[in-house]
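Worksheet: one structure, shown below.
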Amino acid sequence: MTKIAIITGASRPGSVNQSVAEWVLAQVSTRDDAEFEIVNIADFDLPMLDEPYPAAYQNYQNDHTKAWSAKISEFDGFIFVAHEYNHSAGPVLVNALSYLNAEFNNKAAGFVSYGSMGGVRAVEHLRGILSELQVAHVQRSVMFSLFTDFENFSVFAPTEQNAGTLAPMVDQLTAWTRGMAAVRTEQLATVAA
């Protein structure tokens, strides 16, 4: 079964990121084309990147990196719950992505973002980072406004219109995730030959 991680993008106390991730999980829980699991970055206690070797070497020295690597390796695809911070993606998510490389290669990703402009600038920056990590990111995305999809900027209450964009994104993501699994299988066959 295809496994897709719903990765939180914040660790700040009081952040609404976790409630958005939980909403995503509730919405996809009845699907039968993939298994979904929330992966909370805060659970891994990743300090600012502290590995002595580049991630591409996979010569991890720290237990937190090894745990993060093992978790990400379990998945075929990802939904990143990203908030916009200073016209970019949140620093915790960018830092977490910087720790790894091969664990993300030839997998697929989609985005659920939020911010004053729907988190669109966060997603655009994440697309560049994920391209370098060889992640195929789907065109469709889900964007929530702090002004219309949150009560008092703190309680997630998505509008029907914006909530309705999740299913088409996940449809595209699951198809791409299966396609990238075939790419990974083909690469393994080529290496073994």
Side-chain angles (χ1 to χ4, degrees), residues 2-26 28 34-115 119-138 141-144 146 154 156 169 173 177 180 184:
T2 300
K3 290 185 66 176
I4 297 176
I6 301 166
I7 299 182
T8 62
S11 62
R12 183 176 51 79
S15 170
V16 297
N17 197 278
Q18 184 70 29
S19 63
V20 176
E22 289 169 1
W23 176 86
V24 171
L25 181 61
V28 300
E35 293 177 0
F36 298 86
E37 176 185 334
I38 292 177
V39 175
N40 190 340
I41 287 177
D43 293 342
F44 293 87
D45 290 324
L46 297 170
M48 287 304 293
L49 183 59
D50 64 347
E51 286 291 333
Y53 300 101
Y57 294 167
Q58 288 188 287
N59 185 10
Y60 305 133
Q61 303 298 303
N62 299 309
D63 289 341
H64 53 263
T65 309
K66 293 173 186 175
W68 178 235
S69 170
K71 190 60 173 176
I72 293 303
S73 294
E74 294 177 16
F75 298 98
D76 304 298
F78 311 97
I79 296 173
F80 291 99
V81 179
H83 67 292
E84 188 169 316
Y85 192 83
N86 291 337
H87 285 217
S88 187
V92 170
L93 179 54
V94 172
N95 184 58
L97 290 170
S98 299
Y99 266 92
L100 306 178
N101 187 298
E103 297 84 349
F104 287 111
N105 292 174
N106 296 314
K107 296 181 181 180
F111 306 96
V112 173
S113 63
Y114 59 93
V120 66
R121 293 172 289 214
V123 170
E124 289 307 310
H125 286 165
L126 287 172
R127 288 184 188 281
I129 294 167
L130 293 175
S131 291
E132 181 61 24
L133 294 174
Q134 300 177 55
V135 175
H137 37 90
V138 300
S141 60
V142 181
M143 297 175 285
F144 294 112
L146 287 175
S154 60
F156 185 55
M169 183 276 284
L173 175 60
T177 299
M180 294 310 291
R184 292 193 309 276

Does [X] use its side chain to pair, donor to acceptor, with the backbone of [Y] at less than 3.5 Å?
X    : Y    : answer
T8   : I41  : yes
N105 : L133 : yes
S131 : R127 : yes
S69  : T65  : no
Q61  : N59  : yes

Hey, what do you get for [atom1] ([X]) to [atom2] ([Y]), rounding to the nearest 0.5 Å?
X    : Y    : atom1 : atom2 : answer
E74  : K3   : CD    : NZ    : 4.5 Å
R184 : Q134 : CZ    : CD    : 12.0 Å
N40  : K71  : CG    : NZ    : 11.5 Å
F80  : L130 : CZ    : CG    : 5.0 Å
F75  : F104 : CZ    : CZ    : 10.5 Å
F44  : D63  : CZ    : CG    : 13.0 Å

Heavy-atom pair of closest approach, residues [X] and [Y]:
X    : Y    : value
I6   : V28  : CD1-CG2, 4.3 Å
S11  : V92  : OG-CG2, 3.3 Å
V135 : A108 : CG1-C, 4.0 Å
P91  : Y85  : CD-CD2, 3.8 Å
I4   : A34  : CD1-CB, 4.0 Å
L93  : A82  : CD2-CB, 4.3 Å

Is any side-chain heavy atom of [X] less than 4.5 Å from a side-chain heavy atom of [Y]?
X    : Y    : result
K107 : D76  : no
I79  : M169 : yes
L126 : L97  : yes
I38  : Q18  : yes
I72  : F78  : yes
E103 : W68  : no
H83  : V16  : no
H64  : D50  : yes

* Structure fact -> Which of Y114, F156, F111 passes ring pair (Phe, Tyr, Trp, His ring centres under 6.0 Å) with F144? It is F156
* To do: Taking atom types as modelled, find out whether N101 and Y57 have a side-chain donor-acceptor pair closer than 3.5 angstrom.
  => no
